[in-house]
Amino acid sequence: MDRYEPLKIEEKWQKIWDEEKAFKAYEKPGVPKMYVAEMFPYPSGAGLHVGHVRNFTIVDVLTRFYRQQGLNVLRPFGYDTFGLPAENYAIKTGTAPQEVTKVNIDNFRKQAKRLGYAVDWDREINTSSPEYYKWTQWCFLQLYKKGLAYQKESYQWWCPEDQTVLANEQVENGKCWRCGHEVEKKKMKQWFFKITEYADELLADIDALDWPEKIKTMQKNWIGKSTGAEIDFEVEGGAPHITVFTTRPDTILGATFLVVAPEYAGLEALTNDNTREAVFAYKVKSIKKSEIERQENKEKTGVFTGSYAINPATKEKIPVYVADYVLAGYGTGAIMAVPAYDDRDREFAEKFDLPIVEAELIDRDAYGTPKTTYKMRDWLISRQRYWGCPIPIAYDKEGNPHPIPEDQLPVLIPEVEDYKPDNSGRSALAKAKDWLKVTIDGEEMTRETDTLDGYACSSWYLWRYTSPHDSEHAWDQEAIKYWAPTDIYVGADHAVAHLLYIRFWCKFFADLGYLPFREPVKKLIYHGYINAPDGKKMSKSKGNVIDPLDVINDGYGADTLRTYEMFIGPVELDAAWDPRSVGGVYRFLNRCYNLCMASDSNSGSRPAGPSPWAAGANSRAAALRNTPNPESEAIRHKTIKKVTEDIYHQNFNTAVAALMEYVNELYKVGASEEDLVVLAKLLMPFAPHLASEMLEKLGANDEWPKWDDKHLVSDTVEVVVQVNGKLRAKLSVNASELDDEEKIVEMALNDEKVKKYTENGIKKTIFVKRAKLVSIVV
RNA sequence: GCCCGGAUGGUGAAAUUGGUAUACACGUAUGCCUUAGGAGCAUAUGCCGCAAGGUGUGCAGGUUCAAGUCCUGUUCCGGGCACCA
């Protein structure tokens with residue numbers, strides 16, 4: 001008889017699945033569909049890590065589970081390939097990012113196939129391929145046409161060392177993530193998507209989503225809706241009035257001064273000859289102030305502008321200050337300070353010796369107009385990077401932007417010698433002199449050299465998967481109607497950014513009539529990270545990285561790796577890798593294999609000698625083939641129910657535990673062929689290669705088994721007896737007697753162990769049929 | 001500071017509406033077998049105790065016949081946001 005040799009079995013089945021295109025998805029009108037996807041990976045040079053495996057395996061368990069249930073399942077795979085690592089590598093080595101990307105994708109695909117994923121490999125997408133980014137550019141143009149892609153001059157993080165703009169997430173503790181140089185703010189003209197246009201709907205629709213509460217809360221906080229009012233304050237001396245935003249217009253009688261942000265547009269008009277120099281110096285200093293200083297030192301600073309405003313409620317003259325605790329990007333960039341009601345204003349007032357008035361509250365609408373504001377800002381999408389999707393815009397001689405006509409898409413990324421940004425503040429695209437020139441409507445123009453934030457590329461890929469090779473449309477209307485929205489989306493990152501952007505684009509394209517739904521993802525599974533055995537984050541520098549391919553090649557195989565990662569703990573929690581538990585899962589699969597193969601009556605040469613099991617279970621299992629096994633029937637049905645319900649609820653760890661329990665039981669009572677078929681079917685989502693091998697041996701299909709409730713109840717049941725809440729006895733009772741409360745209570749009271757505690761009389765007895773429990777109070 | 005989570009054996013963790021706390025796995029111990037393997041199989045394993053029994057889900061209270069689960073307070077840990085007026 002053969003030993004369990006996972007590497008051999010897995011190679012065999014992977015070849016079969018590949019050749020048969022076993023998981024190719026077609027639209028089947030009338031057949032219920034299921035669309036599951038992971039957040040597609042960035043294919044790094046390091047290959048798959050154990051976190052990818054957890055991510056992909058969750059999707060695979062769901063894919064196979066729903067397939068086995070007869071649903072038409074779409075499970076695609078793709079690569080998010082634009083971004084800095086490939087560009088950095090290009091800058092360092094001179095290798096084109098296109099080449100690096102291709103090598104990394106090939107490696108990722110090869111590795112993913114070694115895990116046996118049930119992917120429709122004909123639907124692969126790659127965001128940096130021209131066939132794909134042509135349509136990213138098309139999406140940009142739709143937003144542009146509707147006025148939702150626009151240019152604005154604003155202050156951005158700038159790294160003076162690398163001469164480039166940085167995104168917020170690329171600034172770590174006030175320093176450039178690449179060179180570690182302190183970043184500063186620089187005013188630049190940049191492209192934005194007007195996500196704020198959808199702020200209200202993005203907020204309102206959160207509640208109905210079947211997403212983890214944690215993510216929903218984070219999105220709500222990110223959008224940060226506040227309702228209040230805008231109030232105009234006239235300024236003495238002819239400067240334009242100042243409009244403030246406040247959530248507490250009822251406190252206006254206590255407003256004893258105004259504060260504007262250093263970047264406030266009308267700041268200069270508020271100054272006079274005496275204050276201008278100090279105000280300007282303060283402004284420059286504030287804008288330069290590093291993020292570190294802002295975080296560490298919240299000491300209030302500010303300067304008097306020289307102007308006074310009139311409080312419209314009190315008619316009093318109040319001073320106008322400039323201070324960096326007021327943020328330019330929120331509200332109007334100006335506030336009315338009410339030190340009696342606001343801690344920050346009080347702190348400022350105390351420092352600058354300004355009056356603090358405990359005034360009474362008034363009607364909220366008395367002096368202002370109701371106004372809603374959001375913390376969420378528009379989405380800055382310009383990147384001065386080479387390795388990104390070119391923004392399909394060109395400028396005329398006056399510098400006015402013009403969209404590239406759709407029939408001229410894609411705007412291809414030009415080939416250059418050096419990918420590094422230069423001192424011009426423009427991306428390396430600017431070095432492609434010929435590429436820069438473009439003629440639109442007979443007019444010579446110059447192309448935009450900024451590229452799009454990578455998040456734009458991933459904002460619509462879930463729809464591209466439904467018709468990945470459509471050369472006429474971003475997505476096909478029939479395909480999108482059948483497959484989308486995504487039923488289950490699985491990831492471990494991007495709680496606000498990506499998961500908010502796809503919602504924004506979904507609503508936008510729904511408004512244009514391109515999507516028949518307004519939320520892209522019905523259910524979100526947000527799983528935890530896998531840490532190193534020492535509980536710390538895995539990292540190359542710490543040398544504690546577990547390579548999933550090593551685990552496979554060590555002989556454990558993909559099935560063990562997959563099953564272990566599902567067994568490691570609750571899906572939403574972080575977990576620490578435990579090499580010894582991997583061995584435990586391997587033992588479990590090995591027991592499954594042996595149980596199945598040992599039951600074959602042709603195999604008389606099982607390796608074990610006269611051990612209690614080998615002699616007993618081997619022959620017993622063989623003898624029980626094709627005969628109902630009343631001993632295993634109850635546990636079989638119980639296991640089907642447990643595994644089915646656990647997978648529905650994403651309790652993968654307890655589903656695996658239930659299978660282990662089942663196998664342990666079969667080792668005790670022997671396994672019928674039916675038991676083994678059910679075991680193989682239930683094992684399929686977790687360990688598909690082994691399960692396929694078992695089913696082949698057993699001559700069965702992989703249709704998901706059903707349980708029958710009538711097999712879940714046994715003839716005799718155990719009733720527990722508590723005295724004063726403490727467990728004192730267990731009664732074995734005929735199941736039919738459970739309805740006879742009187743008899744069961746009598747049995748409980750007559751139990752020898754119980755009698756010891758009831759000598760002094762009984763206050764009352766409680767029988768709970770559902771819990772099979774008698775509670776006696778003495 | 002604010003908003004979310006979480007705390008159960010030596011370890012990772014289970015536990016429908018409140019109803020036998022610790023399933024499953026690791027580790028450990030003992031034994032069996034041996035084609036000698038870091039394999040397989042069996043039994044035991046919360047803590048104290050020889051036992052009867054007692055005790056036990058971060059801590060302190062409360063509700064209840066009954067609390068890991070509900071309520072009040074508190075400590076610690078993790079995550080998110082952070083001068084958003």
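The sequence lines fix the lettering, A, B, ..., with proteins before strands; numbering per chain opens at 1. What you are looking at is a predicted structure, and each value in this text was computed from that prediction instead of being measured.
Judged by atom type and distance alone, E718(A) reaches the base of rU20(B) through a side-chain donor-acceptor pair under 3.5 Å. Between the side chain of S775(A) and the base of rC65(B) there is at least one donor-acceptor pair of N/O atoms closer than 3.5 Å. For a distance-only test at 3.5 Å, the side chain of K300(A) qualifies as a donor-acceptor partner of the base of rC83(B). Evaluation of atom-type donor-acceptor distances gives a pair under 3.5 Å for the side chain of R770(A) against the base of rU17(B). E213(A) contributes no side-chain N or O that forms a donor-acceptor pair with the base of rG5(B) under 3.5 Å.
Rounded to an integer number of Å, the gap from I215(A) CD1 to rG79(B) C1' is 10 Å. Atom CG of L573(A) and atom C1' of rA14(B) are 13 Å apart (whole Å). Rounded to whole Å, atom P of rG19(B) lies 20 Å from atom CG of L731(A). The nearest whole Å value for the distance from the CE atom in M218(A) to the C1' atom in rA82(B) is 13 Å. What separates CG of D578(A) from P of rU28(B) is a distance of 12 Å, to the nearest Å. Rounded to a whole Å, the CD1 atom of I635(A) is 12 Å from the C1' atom of rC24(B). For the pair M660(A) CE and rA14(B) P, the interatomic distance rounds to 14 Å; values are reported in whole Å. Spacing between atom CG of L659(A) and atom C1' of rA23(B) amounts to 14 Å, rounded to whole angstrom units.
Within 4.0 Å of Q722(A), counting heavy atoms only, lies at least one base atom of the nucleic acid. Residue-level contact check: K730(A) touches the bases, meaning some heavy atom is under 4.0 Å from a base atom.
Using a 30° and 60° split on the angle between ring planes, W379(A) and Y501(A) fall in the parallel class, below 30°.
Contact check, K764(A) against rC65(B): a side-chain N or O comes under 4.0 Å of OP1 or OP2. Contact check, N594(A) against rC41(B): no side-chain N or O comes under 4.0 Å of OP1 or OP2. Between rA66(B) and N724(A), no contact under 4.0 Å exists linking OP1 or OP2 to a side-chain N or O. Considering only side-chain N and O atoms, R587(A) lies nowhere under 4.0 angstrom from the phosphate OP1 or OP2 of rG38(B). In this model, the phosphate group of rC41(B) is approached by a side-chain N or O of R591(A) to a distance below 4.0 Å at OP1 or OP2. In terms of phosphate contacts, R580(A) brings no side-chain nitrogen or oxygen within less than 4.0 Å of OP1 or OP2 of rU28(B). OP1 or OP2 of rA85(B) has at least one side-chain nitrogen or oxygen of S226(A) nearer than 4.0 Å.
For K214(A), the side-chain atoms get nearest to rG79(B) when compared with the rest of rA23(B), rA85(B), rG79(B). Closest to the side chain of L773(A), out of rU43(B), rC83(B), rG19(B), is rG19(B). When each of rA85(B), rU43(B), rC26(B) is scored by its nearest atom to the side-chain atoms of Y330(A), the top-ranked nucleotide is rA85(B). Checking rU20(B), rC83(B), rC24(B) against the side-chain heavy atoms of Y325(A) singles out rC83(B) as nearest. Residue V777(A) has its side chain nearest to rC65(B) when only rG54(B), rC3(B), rC65(B) are considered. Minimum atom distance to the side chain of N664(A) is reached by rA25(B), of the listed rU43(B), rC26(B), rA25(B). For S581(A), the side-chain atoms get nearest to rC26(B) when compared with the rest of rC26(B), rC24(B), rA14(B). For I766(A), the listed nucleotide lying nearest its side chain is rC65(B); candidates were rA42(B), rC3(B), rC65(B). Nearest to the side-chain atoms of P570(A) among the listed nucleotides rA14(B), rU20(B), rA85(B) stands rA14(B). Between rU43(B), rA25(B), rG40(B), one nucleotide has an atom nearer to the side chain of F567(A) than all others, and that is rA25(B).
In this structure, K641(A) does not pair ionically with D709(A), as no charged nitrogen and carboxylate oxygen lie closer than 4.0 Å.
Y586(A) and Y4(A) have their aromatic ring centers within a separation under 6.0 angstrom. Under the 6.0 Å cut-off for aromatic ring centres, F348(A) and F257(A) qualify, their centroids lying closer than that.
In this structure rG9(B) sits in the syn conformation; its chi angle is within 90° of 0.
Shortest non-hydrogen contact noted between V357(A) and A340(A) is O-CB, 3.1 Å.
Of the N and O atoms on the side chains of S226(A) and Y330(A), at least one donor lies less than 3.5 Å from an acceptor on the other residue. Side chain to side chain, R591(A) and N664(A) meet the donor-acceptor criterion of an N or O pair below 3.5 Å.
Mapped onto RNA chain B by nearest heavy atom, I776(A) and V720(A) fall at different nucleotides, with V720(A) at the one closer to the 5' end. When each of K225(A) and A576(A) is assigned the nucleotide of RNA chain B with its nearest heavy atom, A576(A) is the one assigned upstream, toward the 5' end.
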Problem set entry | Strand RNA chain B in bracket notation, Watson-Crick/G-U under 3.5 Å with | for pairs to another chain | (((((((..(((......[....)))((((((.......))))))(((....)))..(((((..]....))))))))))))....
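By the ring-ring contact (aromatic ring centres under 6.0 Å, His included) test, F652(A) is found to be paired with no residue, residues two or more places apart in sequence or in another chain being considered.
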Exercise. For K300(A) and D345(A), what are the C-alpha separation, side-chain angles and deciding distance, and is it a salt bridge (Lys or Arg N to Asp or Glu O under 4.0 Å)?
Worked result: CA-CA 9 Å; K300(A) 296 283 174 290; D345(A) 295 345; over 6 Å; no
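When F686(A), Y556(A), W577(A), F588(A) are each tested for a ring-ring contact (aromatic ring centres under 6.0 Å, His included) with Y564(A), only one passes: W577(A).
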